[in-house]
Amino acid sequence: MSKQDLNKPIIDKEYISIANLFSFVVSIVKKYLRIFLYIVIIYAVYFFIIKTPIYFSSASFYTNYKDTSSLPSFGLLSSLTKGESDTNDLGFSVETYLSSEIFLNQMVTKKYIIDDSKISLVDYWGNNHSKIISVNPITTLKNINKRFNLRFNLSDEEKRILFAKDILKESLYHLKDDNSSLHIVGITVDDLKLANQISQSIVSSIINYSTSITNIKAKEKAEFIQQRLNQIKTSLENSENEKLLFLEKNNDLSSPSLVLKSDRLNRKILLYEQVYSSLSEELEMAKIDQQNNTSTIFLLDESNISSYKPGKTFLENVLTLCTIFFSALVAFQAYKKRDSLFIK
């Protein structure tokens with residue numbers, strides 16, 4: 001095709017010429033084909049040689065495991081609280097926990113084996129907190145924006161911790177299936193062994209937090225039941241003493257009123273005995289839960305490194321770059337030759 005293909009009108013008054021539009025696009029591709037090839041070669045060198053390799057490690061688990069081996073529970077109180085104990089999920093949001101300060105601080109200050117040395121993520125990542133310029137211009141702009149938003153009175157150590165937590169948050173991955181309560185958590189980092197260590201630590205942290213919640217709630221429940229048990233015990237003893245006094249004063253229950261009063265006292269004592277028995281049983285169950293390390297989390301897949309590179313593939317990135325470059329060229333050429341391409 002000749003250079004005139006770039007000048008053929010695409011819009012002539014009210015009509016659009018598809019053939020001229022096609023010729024215009026093809027002529028741009030032919031004219032800048034060598035530049036497109038240079039882009040592919042340069043990006044291939046960056047992708048396969050210069051770019052730091054990154055690894056993705058993940059683990060999966062269910063959060064609806066129920067321990068069916070618990071002691072049998074009977075009585076009024078057990079039937080009322082049965083629905084509460086049969087819940088099919090955790091008592092907290094995994095997604096919220098992964099973005100919490102308690103989790104992030106725990107992860108970045110924990111020691112990991114990196115290059116045969118035990119160091120924390122604060123030492124591994126935090127030393128670059130003052131770095132602003134990056135190969136990626138978007139990352140550079142983000143670093144500048146973060147620098148402007150920081151408090152002026154932050155110490156160097158606080159900046160290192162904050163920087164490490166920001167990297168960790170950006171590297172975390174979490175997916176939940178609401179139907180099956182399946183969770184997948186993962187991490188993307190530039191060290192193969194570190195990726196697996198962090199992934200394992202994430203799962204362990206979630207399990208430990210879940211267990212701690214169960215133990216704390218069980219302790220609070222045990223304290224409440226113990227208080228109520230003491231009250232019921234006192235009421236039961238008072239009712240028994242009342243019945244004893246009644247029997248001592250009335251050896252012969254001949255009148256209907258005495259029989260009725262005796263029945264009432266018996267029902268009151270029986271009710272307190274049933275409640276006392278149920279509370280005693282619930283107290284024992286709460287004490288067991290207080291020491292129980294069994295979590296509702298059931299591990300499906302242990303931490304493992306993905307066989308595929310995380311992120312977009314080489315072809316996807318090349319197509320994206322070429323599309324952006326081509327769109328810019330089309331817009332530039334269309335604006336440059338607007339008088340000949342668009343005839344009013």
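- Side-chain atoms of Asn230 come within 3.5 Å of backbone N or O of Gln226 as a donor-acceptor pair.
- Placement of Phe47 and Ile324 in two distinct hydrophobic clusters is found when ILVMFWY residues are connected by side-chain heavy-atom separations under 4.5 Å, directly or transitively.
- Of all non-hydrogen atoms in Ile206 and Phe92, the two that sit nearest each other are O-CZ, 4.0 Å.
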Begin with the C-alpha distance, continue with both residues' side-chain angles, and end with the deciding distance and a verdict on side-chain contact (heavy atoms from CB on, under 4.5 Å) for Ile198 and Leu121.
-> CA-CA 10 Å; Ile198 297 178; Leu121 296 180; 4.1 Å; yes
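- Using a 4.0 Å cut-off between a side-chain N of Lys or Arg and a carboxylate O of Asp or Glu, Glu240 and Lys243 do not qualify as a salt bridge.
- Contact between Val40 and Cys322 at its shortest, heavy atoms only, is CG2-SG, 4.3 Å.
- Checking side-chain atoms of Ser58 against main-chain N and O of Val185 turns up no donor-acceptor pair under 3.5 Å.
- Within the 4.5 Å cutoff, no side-chain heavy atoms of Leu194 are placed close to those of Ile187.
- In plain terms, the two heavy atoms of Phe56 and Pro310 that are nearest each other are CB-CB, 4.0 Å.
- Ion pairing of Lys261 with Asp263 is absent here, as no side-chain N (NZ or NE/NH1/NH2) approaches a carboxylate O to less than 4.0 Å.
- Ser262 contributes no side-chain N or O that, together with a main-chain N or O of Leu258, makes up a donor-acceptor pair within less than 3.5 Å.
- A distance of 8.5 Å separates CG of Asn238 from OH of Tyr272, quoted to the nearest 0.5 Å.
- One hydrophobic cluster holds both Ile202 and Tyr97 under the rule that ILVMFWY side chains link at heavy-atom gaps under 4.5 Å.
- Looking at Ile167 and Ser171, their side chains come closer than 4.5 Å, going by heavy atoms from C-beta outward.
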Verdict with supporting geometry, Lys110 and Ser120, side-chain contact (heavy atoms from CB on, under 4.5 Å) = CA-CA 5 Å; Lys110 183 178 179 180; Ser120 67; over 6 Å; no
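- More than 12 heavy atoms of other residues, nucleotides or ligands sit less than 6.0 Å from atom CZ of Phe325.
- In this structure a side-chain-to-backbone donor-acceptor pair under 3.5 Å is present from Glu158 to Ser155.
- Taking CZ of Phe103 as the start and OH of Tyr209 as the end, the distance is 12.5 Å to the nearest 0.5 Å.
- By the 4.5 Å heavy-atom criterion applied to side chains, Tyr173 and Thr188 are not counted as neighbours.
- Summarising the geometry of Leu299 relative to Phe61, their closest heavy-atom pair is CA-CB, 3.9 Å, with the distance given to 0.1 Å.
- Under a hydrophobic-cluster definition in which Ile, Leu, Val, Met, Phe, Trp and Tyr are linked whenever side-chain heavy atoms come within less than 4.5 Å, directly or via other members, Leu236 and Val275 are assigned to the same cluster.
- The number of heavy-atom neighbours closer than 6.0 Å to CG of Asn153, taken from other residues, nucleotides and ligands shown, is above 12.
- Side-chain atoms of Glu242 never come within 3.5 Å of backbone atoms of Leu265 as a donor-acceptor pair (strictly under, hydrogens ignored).
- Of the possible donor and acceptor atoms, one in the side chain of Asn250 sits under 3.5 Å from a partner among the backbone N and O of Phe246.
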Take Asn215 and Lys219 through the side-chain contact (heavy atoms from CB on, under 4.5 Å) test and state the conclusion after the steps.
-> CA-CA 6 Å; Asn215 297 153; Lys219 181 181 178 181; over 6 Å; no
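- Within a 6.0 Å radius of NZ in Lys233, other residues, nucleotides and ligands contribute 12 heavy atoms or fewer.
- No more than 12 heavy atoms of other residues, nucleotides or ligands shown are found within 6.0 angstrom of CG on Asp115.
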Decide yes or no on side-chain hydrogen bond (donor to acceptor under 3.5 Å, both in side chains) for Asn196 and Ser57, but give the supporting numbers first.
-> CA-CA 6 Å; Asn196 245 353; Ser57 178; 2.8 Å; yes
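- Across all non-hydrogen atoms, the minimal contact from Ala59 to Ser199 is N-OG, 3.9 Å.
- Counting only heavy atoms from C-beta outward, the side chains of Val189 and Ile54 never approach each other to under 4.5 Å.
- The shortest distance between side-chain heavy atoms of Phe163 and Lys159 does not fall below 4.5 Å.
- Under a hydrophobic-cluster definition in which Ile, Leu, Val, Met, Phe, Trp and Tyr are linked whenever side-chain heavy atoms come within less than 4.5 Å, directly or via other members, Phe36 and Val45 are assigned to the same cluster.
- The environment of Glu273 atom CD is dense: over 12 non-hydrogen atoms of other residues, nucleotides or ligands sit within 6.0 angstrom.
- Under the 4.5 Å side-chain criterion, counting only non-hydrogen atoms from C-beta, Glu302 is not in contact with Gln200.
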Would you please test Lys176 and Asp178 for salt bridge (charged side-chain N to carboxylate O under 4.0 Å, His left out) and show each step?
-> CA-CA 6 Å; Lys176 178 186 177 182; Asp178 292 326; 3.7 Å; yes
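- For the pair Gln106 and Thr109, the tightest heavy-atom approach, listed with the atom from each and the gap, is O-OG1, 3.5 Å.
- When only modelled atom types and interatomic distance are considered, Asp177 and Ser180 share a side-chain donor-acceptor pair under 3.5 Å.
- Between Leu271 atom CG and Gln274 atom CD the span is 6.5 Å, to the nearest 0.5 Å.
- Here the CD1-OH distance, from Ile50 to Tyr43, works out to 11.5 Å after rounding to the nearest 0.5 Å.
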Go through Arg228 and Leu279 one step at a time and tell me if the side-chain contact (heavy atoms from CB on, under 4.5 Å) criterion holds.
-> CA-CA 8 Å; Arg228 185 58 182 153; Leu279 285 173; 3.7 Å; yes
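- Residue Ile161 holds its CD1 atom at 12.0 Å from CG of Asp166, rounded to the nearest 0.5 Å.
- At least one side-chain heavy atom of Tyr62 sits less than 4.5 Å from a side-chain heavy atom of Leu300.
- For Asp190 and Thr52, the side-chain atoms include no donor-acceptor pair closer than 3.5 Å.
- Residues His183 and Glu95 fail the side-chain proximity criterion, which asks for heavy atoms closer than 4.5 Å.
- Here the straight-line distance linking atom OH of Tyr55 with atom CD1 of Ile305 works out to 9.0 Å at 0.5 Å rounding.
- Judged by distance alone, with hydrogens and angles left aside, the side-chain atoms of Asp191 form a donor-acceptor pair with the main-chain N or O of Lys193 at under 3.5 Å.
- The backbone N or O of Ser201 lies less than 3.5 Å from no partner atom in the side chain of Ser205, so there is not a single donor-acceptor pair.
- Between the side chain of Gln227 and the backbone N or O of Phe224 there is no donor-acceptor pair closer than 3.5 Å.
- Ring geometry, Phe48 versus Phe314: the interplanar angle falls from 30° to 60°, so the pair is classed tilted.
- Leu329 and Leu321 end up in the same hydrophobic cluster when Ile, Leu, Val, Met, Phe, Trp and Tyr side chains are linked at under 4.5 Å.
- Defined by atom type and a distance below 3.5 Å, a donor-acceptor pair is present between the side-chain atoms of Gln333 and Tyr32.
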